[in-house]
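Here is the structure we will look at, set down as structure tokens.
Order of listing sets the numbers, starting from 1, for every ligand and every atom in it.
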Amino acid sequence: MIPFLSLKEQTAALREDVLAELGRVIDTQGFANGPAVAQFERELADYLGCREVIAVNSGTSSLHAALIAAGVGAGDEVVTVSHTWISTAWAISYAGARPVFVDVDRATCGMDPSKLAAAIGPKTKAILPVHLYGLPADLDPILAIARERGIPVIEDCAQSIGATYKGRQTGTFGLVNATSFYPGKNLGAFGEGGAVMTDDAAIAGRVRSLRDHAQQGRHNHVELGFNWRMDGFQGAVLSVKLRHLDAWNARRRAIAARYVEGLKRAEGLSLVPGNDWSEPIWHIFPVFHAQRDEFRTRLEALGVQSGVHYPRPVHLQPAYSFLGYKPGDFPIAEELAATEISLPMFPELSDADVDQVIDAVVEVSTKLSTGTT
Ligand SMILES: *Cc1c(COP(=O)(O)O)cnc(C)c1O
């Protein structure tokens with residue numbers, strides 16, 4: 001069986017390097033927010049080319065922190081996409097605001113800039129595009145609309161660390177941006193983690209304060225604070241892993257290129273078209289087929305595991321029924337949710353594994369399009 005994702009080989013290869021760094025954390029007792037976390041923050045800031053990185057305890061917390069730091073609060077609206085992991089919307093709700101969705105674009109699977117202006121109203125306090133699957137959203141038109149109206153942009157980079165938009169790293173375009181180090185992400189901790197990225201010193205200071213109970217000086221709490229501190233162990237693991245990120249992402253691009261070439265033979269299957277302005281990191285390799293569930297069952301029978309990201313858009317989740325959206329409101333998001341199949345994607349897949357996936361996908365596509373079993 002070819003798994004959709006396996007961390008086994010990568011984790012085993014890093015074992016000795018990681019254990020040495022974990023030993024240093026134990027020796028210095030920097031268990032919460034200690035020196036290993038501070039070192040990782042500097043390394044990630046250098047890698048991305050931004051001034052400040054503030055590590056936190058999850059991607060969800062990083063979005064929550066970014067929203068508060070951008071000035072979003074009770075009664076405000078934040079414009080985002082419905083085709084995303086639910087945390088993007090949770091964070092808006094945690095900040096006391098209301099998520100307002102815009103549809104996505106098939107070409108990027110991200111926010112459709114041509115539909116953005118219509119979603120902006122007097123209460124809009126931020127625009128939150130998501131670089132889903134590691135494919136950069138089309139930022140320039142989004143930033144232009146935001147700038148015209150004086151509304152900050154916050155990037156959700158949970159799936160895109162290392163991806164570039166017009167030669168520049170995602171996570172460096174918005175006023176303040178957020179990412180996740182959930183173990184399955186391209187840069188994953190050995191546990192939970194996230195980070196906020198910004199060039200703005202005041203915002204960075206506010207996030208640093210918020211994550212540690214909003215203390216300014218010991219026992220002086222200046223606003224409602226949180227415990228968003230990152231574990232020292234996670235900082236140590238992430239420093240080790242960051243050194244490999246470019247090589248891993250390059251391998252993912254090579255796998256994606258092999259899929260694109262091999263899957264030209266697959267009937268009835270669509271892929272995201274490439275473009276010449278972004279370099280994706282393929283956190284997920286999505287393909288789309290009208291008979292998604294049957295397709296996945298048949299793939300599994302041929303020894304290929306797959307995933308779905310995500311089967312139900314946020315605007316149709318029970319938790320968000322109070323927003324009043326209904327099926328048909330965001331046709332592209334709904335179409336992607338109904339047809340997406342995530343093929344196996346992780347750097348340790350061999351070319352032979354990828355070819356086996358391609359052969360299975362082509363076989364299933366052919367049989368479904370000719371109606372054979
Ligand atoms: C993973 C993810 C998050 C949340 O990150 P956690 O670390 O799991 O809290 C937010 N947004 C997107 C798009 C994600 O993929």
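Applying the 4.0 Å criterion to heavy atoms of Val130 picks out, from ligand 1, the atoms 13 (C). Residue Ser180 approaches ligand 1 through these ligand atoms, each under 4.0 Å from one of its heavy atoms: 1 (C), 5 (O), 6 (P), 7 (O). Against a heavy-atom cut-off of under 4.0 Å, Thr88 is close to the following atoms of ligand 1: 11 (N). The contact set between ligand 1 and Thr84, taken as ligand atoms under 4.0 Å from a residue heavy atom, comprises 13 (C).
Sorted by first then second residue, the side chain to side chain donor-acceptor pair (under 3.5 Å) pairs that include residues 193-208, not counting sequence neighbours, are Glu41-Arg208, Glu52-Arg208, Arg206-Glu223. Every pair passing salt bridge (Lys or Arg N to Asp or Glu O under 4.0 Å) that includes a residue from residues 257-275 is listed here, sequence neighbours excluded: Arg258-Asp351, Arg258-Asp355, Glu261-Lys264, Arg265-Asp359.
Checked by atom type, the side-chain pair Glu363/Ser365 shows no donor-acceptor distance below 3.5 Å. Between Thr164 and Arg168, the side chains place no donor N or O within less than 3.5 Å of an acceptor N or O (distance only, hydrogens not considered).
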message = Please evaluate residues Asp293 and Arg296 with respect to the criterion salt bridge (charged side-chain N to carboxylate O under 4.0 Å, His left out), reporting the C-alpha separation (whole Å), side-chain torsions for both, the decisive distance (0.1 Å), and the verdict.
response = CA-CA 5 Å; Asp293 297 340; Arg296 294 188 64 222; 5.3 Å; no

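By the 4.0 Å heavy-atom criterion, Lys185 is counted among the residues contacting ligand 1.
Here the heavy atom of the protein found nearest to atom 12 (C) of ligand 1 is Ala158 CB, 3.4 Å. If you check which protein heavy atom lies closest to atom 9 (O) of ligand 1, you get Thr60 OG1, 2.5 Å. For atom 3 (C) of ligand 1, the closest heavy atom belonging to the protein is Trp85 CD1, 3.5 Å. Taking atom 4 (C) of ligand 1 as the reference point, the nearest protein heavy-atom neighbour is Ser87 OG, 3.5 Å.
Ligand 1 has a nitrogen or oxygen under 3.5 angstrom from a nitrogen or oxygen of Gln159. Checked against a 3.5 angstrom limit, the closest N/O atoms of Asp156 and ligand 1 fall inside it. The shortest N/O to N/O separation between Glu192 and ligand 1 does not fall below 3.5 Å. In terms of polar-atom proximity, defined here as any N/O pair under 3.5 Å, Gly59 does make such a contact with ligand 1.
The pair Lys115-Asp112 counts as a salt bridge, with a side-chain nitrogen and a carboxylate oxygen less than 4.0 angstrom apart. The pair Glu279-Arg253 meets the salt-bridge criterion, with a side-chain N (NZ, NE, NH1 or NH2) lying under 4.0 Å from an Asp/Glu carboxylate O. Electrostatic pairing of Glu335 and Arg106 counts as a salt bridge here, judged by a charged N lying under 4.0 Å from a carboxylate O. A salt bridge does not link Arg98 to Asp76: none of the charged nitrogens lies less than 4.0 Å from a carboxylate oxygen.
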